[in-house]
Amino acid sequence: MNFVLVGVSHKTAPIEVREKLVIPEPKLTEALVTLKSDPCLEEGMILSTCNRVEVLVSASDIPEGIKQVKTFISNFHQLSQDFLQKFLYDFTQVDAVKHIFRVASSLDSMVLGEPQILGQVKTAFSHAQTAGTAGNGLSHLMNKAFFVAKRVRSETGIASSAVSISYAAVELAKKIFNELTGKTVLILGAGKMSELAARHLASSGISHVLVWNRTYQRALDLAEIFRGEAIRPEELFKHLERADIIISSTGANNFILNRADGERIIHRRRNRPMFIIDIAVPRDVDPEINKVNNIFLYDIDDLRNVVDANLKQRQREAQFAEEIVRQEVESFVNSTKATDLAPTIVSLRAHWESIRQQELAKSRNRLGTLTSDQEAAIDNLTQSLLNKLLHGPISELKSLSHTSEGQVHIETIKRILGLKDR
Amino acid sequence: MSLLFLRLAIALYSIGLLHSFLTIVTRKKTLFRVALFGICSGFVTHALSIVFSWIETKHLPVTNYHQALSFFAFVVVLAFLVSYLWYRLDSLSVFVFPLVFILTLAAVLIAPSQTPLPAVLKNLWFYIHIPTIFLGYAAFGIAFAASIMYLIQENELKRKRPQAFYYRLPSLEICDELGYKSLSIGFLLLTIGIAAGALWANKAWESSWEWDPKIIWTFITWLTYAVLIHYRLYAGLRGRRAAFMSILGFVFVLFTFLGTRYLVSSNHPFVER
């Protein structure tokens, strides 16, 4: 539990600084090896994305660890420490644990709840494993971080609502139709905007695309992209009723659909609902049409409002997520406490050392006068005997330290030797 | 014994009620599990209450208001559990549990009175007429809850300012489908129940109709749902208007069930006087 995390993120550094600190994937192994070459740093991993560069290590000495990581960053990028100081933050021990849990759970992301970060953290960890810089301590921590991220995702709604306009439109469509398979979308105006919106819908399972444009050839071209059907300019009203979803972005100056059209269409559709997305400015569809039963009209501002509401929703959900992180940090700290070996090893050594001293004192009188060389030789002999005897058991204990079995062994040793933690 | 189990059931239902409100407020799924457990165990206790009451009276215990309300609440829970197995809609519970709770509470508050069942009513028709009508009413209860969910979600979508319900309620399509399916099942059961009642009355009294308020209101209810289904099939009536009609239909159900006792006097033979 002597983790140190040093880094920069979108919260502390502008893009001009972050881009200087990025460690590209091909250079990652080299960087990890350099990092671990410092004797104070026992384990290490590097997370480098466009929004953050963070170095997580376990260090034998914490203040020294922070210093060494900062030196590493400045040396690796050839940037002065004075310059970096303004942007770098550092977390140690429990705070470092909490920070990496929050990062993996996307609570520290620029877009709250965005899904990519967990994958990036996983990749960063597997790089460290491949480079051989991730040991038991780091593996234990990172596996817990992945578990926390999964819990946050499944138990809170932090990632459940759309935060881009195109996805908000798809999400709204699903709130109306439940699923989009088998539904028909009609594109009015074969421009870039409508093509983009249609692509999003098509990837969500829309099965039929109709395209209408003032120039028929453009309609044909776009229809071909979606393997859809082009509608002749004069035949629009004949086909309107077939559409479950209409995406409109024509260059028209007047409304091309008004309330009366809406009422007529919905009657012909036998009241099956219709979702109209008007992304044109000036608008193509009379807002009055939203008052017709079973027609839902959203213009570009409406979609923006939905995105804003979704972001607020994510912030509310983030509070539940923070609570989960808090619980899990606590449980992680407790689990490492349980297997913390240091006190046992210290008292184990002290126990044997005091026996050695006692025995040495007892025999000393019987040995008569000795030269200082001879005294040193006896001291060395007993010392190295003790070290040899203890080496096996202690390294075995260390390798078991992250298992529950390790805890059992520690207890047994303490009981047999009557040890108390110091 | 029966009353004891009923009180236990309402205690368990109240846990379900509380937790389902919390589920909507906090959106933590773990709480819904607890709520569902409360409702399931309440359902078992409720079933025991009815079994004990059945043993005491030696017939299906629906012959006074205490028993009838308790039985009604029981079949509503049954209908909820069936639709939950089908659709897995957590949010449905929020609209069904209050109904279950109120019905059970009313049953607990009304003291049971012991009136023996007239011999004329003890036959097979009794076991066809009454359970089918009750089950039909329970299905209408689910359709009612689905219609409320539809109206709330439709309002969210029309207002374009999504709030809590937008995120927690299912899509319009699902609300509509659940509502229409429950309503169709309810209508079928009610029709069978009414037909059985008519045949039974014919046999028992050898005269067909006595137009008492209960029968009249049952017909009004039946007619409401018949009109709704007719327009759905022939004119595609759906959405907001259909939801309103389904809610109206359930108001008639409740009035037929409760109002005919307290607001207008009914001579319908199966209830206590």
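Being a predicted model, the structure only gives us computed values, none of them experimental. Naming: A, B, ... by sequence-line order, numbering from 1 per chain.
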- Message: Aromatic contact between B/F43 and B/F74, with the criterion being ring centroids under 6.0 Å apart: yes or no?
- Response: yes
- Task: Could you have a look at B/Q163, B/E156, B/K158, B/E173 and say which one has the most heavy-atom pairs with chain A under 4.5 angstrom?
- Result: B/K158
- Which region of B/R161, side chain (C-beta onward) or backbone (N, CA, C, O), has a non-hydrogen atom less than 4.5 Å from a non-hydrogen atom of chain A, or is it both or neither? side chain
- Message: For residues 99-109 of chain A, give me every residue with a non-hydrogen atom less than 4.5 Å from any non-hydrogen atom of chain B.
- Response: none
- Using distance alone, with no hydrogens and no angle criterion, decide if A/K144 and A/S331 have a side-chain donor and acceptor under 3.5 Å apart. yes
- Among side-chain atoms of A/N310 and B/Y167, is any donor-acceptor pair under 3.5 angstrom? yes
- is_close_aromatic(B/H46, B/F5), centroid dist under 6.0 Å: no
- Message: Under 6.0 Å between ring centres: does that hold for A/F177 and A/F275?
- Response: no
- Show your reasoning for whether side chain to side chain donor-acceptor pair (under 3.5 Å) applies to B/T221 and B/T256. CA-CA 8 Å; B/T221 307; B/T256 312; 3.2 Å; yes
- Query: Ring centres of B/F257 and B/F72 under 6.0 Å apart?
  - Reply: yes
- Item | A/R269 portion near chain B, given a 4.5 angstrom heavy-atom threshold | neither
- Are the ring centres of B/F187 and B/W222 closer than 6.0 Å? yes
- Item | Part of A/V307 lying under 4.5 Å from any heavy atom of chain B | neither
- Query: So which part of B/R232 gets closer than 4.5 Å to some heavy atom of chain A, the side chain, the backbone, both or neither?
  - Reply: backbone
- Under a 4.5 Å heavy-atom cutoff, which of A/Q319, A/K312, A/R270, A/R316 has the most pairs with chain B? A/R270
- Task: Taking the six-membered ring for Trp and the single ring otherwise, decide whether the centroids of B/F71 and B/Y137 are under 6.0 Å apart.
- Result: no
- Most contacts with chain B, counted as non-hydrogen pairs under 4.5 angstrom, among A/N294, A/N305, A/L303, A/I176: A/I176
- Item | Largest heavy-atom contact set with chain B, pairs under 4.5 Å, which of A/N290, A/D308, A/V306 | A/N290
- Task: Pick one of side chain, backbone, both or neither for A/K175, based on which atoms fall under 4.5 Å of a heavy atom in chain B.
- Result: both
- Message: For B/E154, which atoms come within 4.5 Å of any heavy atom of chain A: side chain, backbone, both, or neither?
- Response: both
- Query: So which of A/L172, A/N178, A/I295, A/L297 has the largest heavy-atom pair count under 4.5 angstrom toward chain B?
  - Reply: A/N178
- Message: Are B/F144 and B/F95, when compared by the centres of their aromatic rings, separated by less than 6.0 Å?
- Response: no
- Task: Using non-hydrogen atoms and a 4.5 Å limit, figure out which bit of B/Y150 sits close to chain A: side chain, backbone, both or neither.
- Result: side chain
- Task: Decide yes or no for B/Q153 and B/S171: does some side-chain heavy atom of the first lie under 4.5 Å from some side-chain heavy atom of the second?
- Result: no
- Task: For B/Y231, look at atom OH and say whether over 12 heavy atoms of other residues, nucleotides or ligands are found less than 6.0 Å away.
- Result: no
